[in-house]
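Inspection log for the structure reproduced underneath, given as structure tokens.
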Amino acid sequence: MTAALSSQPDSSGGHRRYDPLETEQRWQAHWKDIDLDRTPVDGDARTPFYALSMFPYPSGSLHMGHVRNYVITDVIARVQRMRGHAVLHPMGWDAFGLPAENAAIERGIDPAVWTDRNIDQMKDQLARLGLSIDWTREQATCHDDYYRWTQWLFLELHDGGLAYQKEAQVNWDPIDQTVLANEQVDADGKSWRSGAVVEKRLLRQWFLKITDYADALLDDLEQLKGWPERVRTMQANWIGRSKGAEIRFHLAQVDGASTQPDQDITVFTTRPDTLFGASYVVLAPEHPLVDAITTDDHRSSVTAFRDLMSTLSNEERTADDQPKRGIPIGAEVINPVNGKRLPVWIADYVLADYGTGAVMGVPAHDQRDFLFARRHELPVRVVIQVPGADEHLVDGEAWTEPGVLIHSGRFDGMPSDQAKEAITSQGSKEGWATPKVQFRLRDWLISRQRYWGCPIPIIHCESCGAVPVPRHELPVQLPKDVDLSGRGGSPLAQLESWTSVPCPCCGKPARRETDTMDTFMCSSWYFLRFADPSNREAPFTPEAIGRWLPVKQYVGGIEHAILHLLYARFFTKALRDRGLLTIDEPFERLLTQGMVQGVTYRNPRTGRYVAPNQVTDEGDPRDPDDGGELEVLFEKMSKSKYNGVDPAAVIDRYGADTARMFILFKTPPEKDLEWDDADVEGQFRFLQRLWRLVESACTESDQRVSLAKDQSLELPATLTNAEQDVRRAVHTAIAEIGEDLSGDFQFNTAISELMKLSNALSGHLAGVDPAVRQEALSVLIRLMAPFAPHLAEEFWSRLDGEASVHQQSWPQHDPSALQKDTIELVIQVKGKVRGSLQAPANADKETLEQLALASDVAVKWLEGQPPKRVIVVPGKLVNLVP
RNA sequence: GGGAGCCUGGCGGAAUUGGUAGACGCAGCUGACUCAAAAUCAGCCGGCCACUGGUCUUGGGGGUUCAAGUCCCCCGGCUCCCACCA
């Protein structure tokens, strides 16, 4: 059986050539036959290890970014298997989303058909990489046996009070009469399809209350020790917790106002300690109170100002170079802490949807307020001592640091920290302040007015309201007979036969919810489904989750640092609180791999990208159009930059093992990788050197090795120097690679250790004891197996190894093999290396010091004077300080 | 503006966590083999100099230390995230 699987001799002689394509195809077929990658069954006693790549969108073609992602995860999965873990390494498809719908609009293809065809294509491409994925657990979020449970989980959140509806803005295309996703709106605010200026419209939409978990999502970042620091910071910034107080300013009677409502303006501030320095209060132009409190003499200018604001896009309104615009509205409020009257303004720099949409202006201690006050000639009152300036500002800037209070009545002399509490607490007693924690994080808008998504399982009834579709009626399937012209609003809303249903509660005619869910919903729980992939009764069982989750190692792009990872964490916590699982966090360790970049030719004058095959001379690249010199850069691979490298082409030429080795060796996984054909070639050469090494062990009589179980040899009692050298190289490699693959994964140095081992063995196996040779090759092949799985398997088989190399255990290093009799002792003089000598490895400090002092180097550099100080680092160096 | 990360030969990158800077590879150079080329094999490969030795060198400057790529302070550059967030 095994012999039949081996490479055929090539026609030119007895020696075999390395033919990666033939070898890889043969082993991939064999592994499939023996079901090598199947996840161990539930009763398996080994410690579970869940390795997961972020699943892809099935665009139809695999790119290098995918390859890098899945190869990294695959190596981790393979190493953990050999280390004796029960490994779960699944794959699926994040299959709902706009591209399928666009294909339908443009080419009339059913999105389901288009998506499934793409999945098939990408699976074929993935198969060639030799990934040890258990495909029996495959999931696609657009299949109803998956989205049924997405709907089920939505209802769980709904039951838990975490799903609700409210009015929110959408992008409305007035020509196509449809809602656009943010990505479909150009930078200049126009529709990607019709080119019409996109309008903002208010629509009643579904939200998830992720803000209920803001504190937990922030605090639990502490636990995620296995996450990159920068991802944790990004999430913390996104959640954006700030502590402060809400302060209520009561409206004052104003002369000339016909009526004044008995109203408060509530502001949020993180600096209650600066309350005495307030010189005005500003509302967002959209603030609901503006109409009611604007005085008659200001009404026309206020209306004009608000109209101007509503026509500006967000970008225009928040542009850096814009001065802070605003106008007074006539009303006045009383500063509750000192009774001063302050004017009320509206201004563009106040955001309606953060805090209370109102701010107290303290120009002396907030830079924005300062600029605003200077522009509109509002008073600046210093109430925090400014160092070196007594009571005034220096440098024409606000003083925003905490400090000691002045001009603040009985709070004078208090440091900011204390004053914040004292002023808030006085306000609480007097009823004008409330301590408040404010978050930047907003509730998650999940409604999409699109077809190709998971339908929200709700029925709207005039008498019963929003009624959940009963669980046993799930899934709410996407209808087939739908008009996907891209016009006339939500495709589902136009399908009367689908939308009109009886109310599950009262049976009266009712209407289905026609929004579908944000695709981030589908990807917020897929890692749970992989633990229990074919359960027809529930999305998963707590037992299955308990066995596999949390994911031990999650691998994916940094672009998901915020949204996907935050949503998945939110789902996990919400489902925990619904009693569906017991973990707090879904992903124990996270590796964010860098981009894959290609050589890019760019004309610096025109900004045009030039395809490599059009560049006139690669040494001195010039634009074929204008003859101008081109700059050579590395940028993320993309069609428009003509710098993509097709994985299939690389595999055709060198095989998957070379591609895997190159990607892992070139750079550490979290850094960007610059694709370089010469380096790929270099990896191919390395694999060929390995091939020749093993070839010799098959054919040369003084190097022959068999790894068959009944051929297992014992090491001789004493070893020659050459044999010791071989063993030292072998066991050093085990130790070093073991180190590189624990904790942080350093595949690049692991592979360089493989190269060192190969260099140490090549030409040094002839004539050494057969047991030493056998050990050396057995170790080498097992160490390379996770990286180059096909070639390792081929070697294992050719040397008569038992079963599959991928079922072998990871080698353990023998510390005694690392020992040396003598070491190179470095002699330093005042910290500079001046020479070295051979010293016994076990020599004590005194001996080493004596050896060093007696050396030629010491004699030369110390010029006969005894050193003032001698530092001995045993096994390393002696530093002589004259 | 706030936050995070990074900066080492021609290039990608190593460096036992304070102990020989430049492992491993790419590119380049020299030689062997060849009619020749490729492949392969052997070797060289940071700069400077009075070149069998010395000296400088990890973005720049300072400091701590017997010893600094590594620790501390100042400055510069690049990348990413957030951003009128009160």
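Every chain is numbered from 1, with letters handed out A, B, ... down the list of sequences. Values below: every heavy atom of this structure, side chains too, minus hydrogens, waters and symmetry copies.
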### Query
Would you call rU40(B) syn or anti, using the 90° rule around 0?
anti
### Query
Which comes earlier along RNA chain B counting from the 5' end, the contact point of Val881(A) or that of Glu674(A), where each point is its nearest nucleotide?
Glu674(A)
### Message
Let's test your reading of the pairing rules: Watson-Crick or G-U wobble, both distances under 3.5 Å, then write RNA chain B as a dot-bracket string with ( ), [ ], | and dots.
### Response
(((((((..(((......[....))).(((((.......))))).((((...))))..(((((..]....))))))))))))....
### Task
Without swapping roles, check the side chain of Asn643(A) against the backbone of Thr600(A) for a donor-acceptor pair under 3.5 Å.
no
### Query
Taking atom P in both rG9(B) and rG46(B), what distance in whole Å separates the two?
13 Å
### Task
Measure centre to centre between the rings of Phe372(A) and Tyr349(A), then say whether the value is under 6.0 Å.
yes
### Summary
Residues in residues 237-246 of chain A with a heavy atom under 4.0 Å of RNA chain B, by number, are Asn237(A), Trp238(A), Ser242(A)
### Between C1' of rC80(B) and NZ of Lys636(A), the distance in whole Å
13 Å
### Anti or syn - rC41(B), cut at 90° from 0
anti
#### Entry: Trp675(A) ring center within less than 6.0 Å of Phe662(A) ring center
yes
### Summary
Once base and sugar-phosphate atoms are separated, protein heavy atoms under 4.0 Å mark nucleotides 13-25 of chain B, 5' to 3', with B, S and - as SS-B--BBS-BBS
### Query
Under the rule syn = chi within 90° of 0, otherwise anti, which is rG9(B)?
syn
#### Entry: Residue-phosphate contact under 4.0 Å: Arg869(A) side-chain N/O, rC66(B) OP1/OP2
yes
### Query
For Ile562(A), which contact category applies under a 4.0 Å heavy-atom criterion: base, sugar-phosphate, or nothing?
sugar-phosphate
### Message
Please check: side-chain N/O of Arg689(A) versus main-chain N/O of Ser758(A), any donor-acceptor pairing under 3.5 Å?
### Response
no
### Task
Mind running side chain to side chain donor-acceptor pair (under 3.5 Å) on Glu824(A) and Ser836(A) for me, showing each step along the way?
CA-CA 6 Å; Glu824(A) 187 193 27; Ser836(A) 67; 3.0 Å; yes
### Message
Applying a 4.0 Å non-hydrogen cut-off, can you work out what Arg692(A) is touching in the nucleic acid: base, sugar-phosphate, or nothing?
### Response
sugar-phosphate
### Query
With sugar-phosphate meaning primed atoms plus P, OP1 and OP2, does Arg440(A) contact a base, only sugar-phosphate, or nothing at under 4.0 Å between heavy atoms?
base
### Message
Can a donor-acceptor pair be found, under 3.5 Å and without considering hydrogens, that links the side chain of His365(A) to the backbone of Thr400(A)?
### Response
no
## Note on the structure
RNA chain B nearest-nucleotide lookup for Asp353(A) and Thr233(A): closer to the 5′ end is Thr233(A)
### Message
I'd like to check Tyr18(A) versus Phe684(A) (side-chain heavy atoms, cut-off strictly below 4.5 Å). Are they in contact?
### Response
yes
### Message
For Trp227(A), does the six-membered ring have the charged nitrogen or CZ of Arg589(A) within the cation-pi criterion, i.e. under 6.0 angstrom from the centroid and within 45° of the normal?
### Response
no
